[in-house]
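One-based numbering, in listed order, for ligands and for the atoms of each.
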Amino acid sequence: MPSHDVLIIGAGLAGQRAALAAAQQGASVAIVSKVHPVRSHSVAAAGGINAALNPEDSWESHAFDTVKGSDYLGDQDAIEIMTREAPDEILWLEHAGVTFHRNETGHLGTRAFGGASQARTYYVADITGHAILHVLYEQLMKHHETVDRYEEWFTTALLQNDEGHCVGAICRNLRDGRFEIFDAKATILASGGAGQLYKPTTNGLIVTGDGIAQAYRIGAKLEDMEMVQYHPTTLAGNGLLITEGARGEGAQLFNAEGERFMEEYAPNKLELASRDVVSRAEQTEINEGRGFPDGTVALDITKVPRKRTLEALREIVNIGRDFAGVDITREPIHIRPGMHYIMGGVKTDVDGLTSIPGLYAAGEVACVSVHGGNRLGANSLLDTLIFGRRSGEHAARRAVQMTMPSSSASRVKDAEKEIAEILARPPEGRRIGAIKNELGETMNEYVAVFRDAEGLATALEVIQRLKEEAAKAPVDDRGSVFNQDVIAAIELGYMLDCAEAIVVAAQERKESRGAQFRLDYPKRNDREWLKHIDITVNGADLPKVSYSPVTITRWQPEERAY
Ligand SMILES: Cc1cc2nc3c(=O)[nH]c(=O)nc-3n(C[C@H](O)[C@H](O)[C@H](O)COP(=O)(O)OP(=O)(O)OC[C@H]3O[C@@H](n4cnc5c(N)ncnc54)[C@H](O)[C@@H]3O)c2cc1C
């Protein structure tokens, strides 16, 4: 039975950064991932990572932009920590081997990103996540004596002792279907976001909200779940991302009448207003009949010099050609807002501690809350690394003071029974894929850029019916080797839990703030709603709602304009 000081579930940027930090503190570490670590979804991150590293920039400016971007829902103590620690993190990455872009003077070069008052996004062409993830993995290899990697292992549940403390997890080896209990003095969830519960989404198939649901099921608080980000530039139909880096390099948005419509919605920042603002502007143009017949507007990347596009945006040149049949260096490409990121997640403090002792969370699975109502582009990679590192360090320090817990082997029997029950489902039920499609389309219709009470009520009704159907959904593969059918059945349960939490929180927040725009409550209402909505499990009933205060240190809420 594996036992470690620190167990990390997830090997994207947050998980690998946490593993390195814990190992450097001398802890023994296990890092578990349902896919090979370098296939974690962080590999898709494109445009870059923010830091106020230039002498003419300041962490205060970065922090204020982030607070404003969050529509004043972000916790300012956490934002201060993230933005203060950002420059050192970039330098650490550079020294570790990340080949950040250099400008003509040989210095680290930046590009502009939305909602930022300075160009402070550091990047590696449009493959920044790929570049950082591979360097972290190389660094992890150096620590092979203290970091055990469990690649292609799937965590099904978190384990608690009699006092309710998290003492590890139960995981299934995907190669042979064998379950193991992983005992740990501290467990860090780094299992990413929940994009797949929307259709379409920019997120890969593996991003199914596992960690959010696993923490929720053992009683952890979720926070800001209503805040789901729609990215302004995704391809219609398949949801593939055209990085914000394109607008950062100078690309412009036009409606079907040839108008550069952002002049009306955000006269100062135009296409580089924050994502919620640009997505709402696009959706308004489309809804009011000024979009193209395919429900899109146009992104004109020909405004960027061709040489620069080929050098700095080469991935989206490929995406445009392969997935839309468009040469973006010569003609505009049709785009629309698409689901991209979840600001909410497992509620943590600035060291990653959740409301369950022994359980930490970092990265997209977590809500610190540094993004509040709306994340600024290129602040997520930063969040994964800063709070991944802080969680790893804190968890390692905690582990030193503890004896190794040990969970009952009967938990393996319980897990095996759950799998046997899935395998034994009669074949008549509705297919997992069909249920997942209906969930995604429902969320995209009713819990998207614009929301209202009626649509949210419809979404909740659908989710509850889908939960019943999911409990009976049959699987075809009855084997134990890489049985992805069984995994899909388990993931569907996680996605439905996340969807329910999102809808309940969106119903609760009766105002418009950040990514939550309520057509029936179109104004921000600081008097009643300048607070976080927290969600906890409530047996088989709808989740329980409570509130927690927003931490305000130096920036008082004011009207937000770009
Ligand atoms: C297309 C795209 C482009 C983006 N570009 C940028 C950008 O330029 N800048 C920026 O700041 N942000 C960007 N983002 C957002 C950013 O990439 C993500 O928020 C971030 O990478 C998430 O990292 P993570 O470590 O939290 O999770 P992930 O990288 O998603 O890793 C999750 C890990 O958890 C594991 N896991 C999940 N469930 C289980 C389970 N049940 N059992 C075992 N393991 C499990 C997975 O295998 C994986 O290793 C982008 C996002 C997308 C989709």
To the nearest 0.1 Å, how far is atom 13 (C) of ligand 1 from its closest protein heavy atom, and which atom is that? Ala45 CB, 3.9 Å
Has Gly48 got any heavy atom lying under 4.0 angstrom from an atom of ligand 1? yes
Is the shortest side-chain N to carboxylate O distance from Arg217 to Asp497 below 4.0 Å? yes
What is the nearest protein non-hydrogen atom to atom 16 (C) of ligand 1, stated with its residue, atom name and distance? Ser380 OG, 3.5 Å
Taking 4.0 angstrom as the limit, do Asp210 and Lys34 come out as a salt bridge? yes
Any salt bridge linking Arg175 with Glu151? Criterion: basic side-chain nitrogen under 4.0 Å from a carboxylate oxygen. no
Identify the closest protein heavy atom to atom 14 (N) of ligand 1: which residue and atom is it, and at what distance? Arg375 NH2, 4.0 Å
Under a 4.0 Å N-O cut-off, is there an ion pair linking Asp383 with Arg375? no
Does Asn203 have a non-hydrogen atom less than 4.0 Å from ligand 1? yes
For ligand 1, which atoms have a heavy atom of Ala378 less than 4.0 angstrom away? 9 (N), 10 (C), 11 (O)
I need the nearest protein heavy-atom contact for atom 11 (O) of ligand 1: residue, atom name and distance, please. Leu381 N, 2.7 Å
Is it the side chain, the backbone, both or neither of His371 that has a heavy atom closer than 4.0 Å to ligand 1? neither
Please confirm whether Gly129 comes under 4.0 Å of ligand 1, counting heavy atoms of the residue only. no
Once you restrict to heavy atoms under 4.0 Å, what part of Thr384 touches ligand 1? Side chain, backbone, both or neither. side chain
What are the atoms of ligand 1, with element, lying closer than 4.0 Å to any heavy atom of Gly363? 26 (O)
Inspect the contact between Arg336 and Glu282 and indicate whether a charged nitrogen and a carboxylate oxygen are less than 4.0 angstrom apart. no
Run Tyr122 and His101 through side chain to side chain donor-acceptor pair (under 3.5 Å) and show every step you take. CA-CA 7 Å; Tyr122 294 86; His101 174 78; over 6 Å; no
With a 4.0 Å cut-off on heavy atoms, is Ala46 in contact with ligand 1? yes
For ligand 1, does Asn379 get within less than 4.0 Å through its side chain, its backbone, both, or neither, judged by non-hydrogen atoms? backbone
Test: Lys347 and Glu223 ion pair at under 4.0 Å: yes
Please could you name the atoms of ligand 1 that Asp210 approaches to less than 4.0 Å, counting only its heavy atoms? 38 (N), 39 (C), 40 (C), 41 (N)
Going by the 4.0 angstrom heavy-atom rule, the piece of Trp153 near ligand 1 is backbone
Would you call Ile206 a ligand 1 contact, heavy-atom distance under 4.0 Å? no
Should Glu311 and Arg308 count as an ion pair when the cut-off is N to O under 4.0 Å? yes
Salt-bridge criterion met for Glu491 and Lys436 (N-O under 4.0 Å): no
Ligand 1 versus Ala190, non-hydrogen atoms closer than 4.0 Å: side chain, backbone, both, neither? backbone
Judged by atom type as modelled, is there a donor-acceptor pair below 3.5 Å linking the side chain of Thr201 to the main-chain atoms of His340? no
Around atom 42 (N) of ligand 1, find the nearest protein heavy atom and jot down its residue, atom name and distance. Thr155 N, 2.8 Å
Quick one: which ligand 1 atoms are inside 4.0 Å of a heavy atom on Ser40? 29 (O), 31 (O), 48 (C), 49 (O)
Option from Leu235, Asn318, Ile333 for which side-chain contact (heavy atoms from CB on, under 4.5 Å) with Phe323 holds: Leu235
Element-labelled atoms of ligand 1 that are located less than 4.0 Å from some non-hydrogen atom of Leu241: 1 (C), 2 (C), 3 (C)
Min heavy-atom dist Thr128 to ligand 1 below 4.0 Å: no
With a 6.0 Å cut-off on the ring centroids, do Tyr341 and Tyr230 count as close? no
What atoms of ligand 1 come within less than 4.0 Å of a heavy atom belonging to Gly192? 26 (O), 27 (O), 30 (O), 32 (C)
Considering only non-hydrogen protein atoms, determine which one is nearest to atom 52 (C) of ligand 1 and report residue, atom name and distance to 0.1 Å. His340 CE1, 3.4 Å
Close-contact set for ligand 1 against Val35 heavy atoms, below 4.0 Å: 47 (O)
Tell me: protein heavy atom nearest atom 35 (C) of ligand 1, and distance? Gly10 CA, 3.5 Å
Quick one: list whatever passes side chain to side chain donor-acceptor pair (under 3.5 Å) with Asp414, sequence neighbours left out. none
Tyr137/His36 aromatic ring centres below 6.0 Å: yes
Against heavy atoms of Gly12, which atoms of ligand 1 measure under 4.0 Å? 25 (O), 29 (O), 31 (O), 33 (C), 49 (O)
Lys/Arg N to Asp/Glu carboxylate O, Glu180 vs Arg178, below 4.0 Å: yes
Proximal candidate to atom 36 (N) of ligand 1 [heavy atom criterion; set Ala157, Gly345, Ser191]: Ser191
Asn50, Asp65, Asn54 screened by side chain to side chain donor-acceptor pair (under 3.5 Å) with Arg120, the one that passes: Asp65
When you measure from atom 8 (O) of ligand 1 to every protein heavy atom, which one gives the shortest distance, and what is it? Gly47 N, 2.7 Å
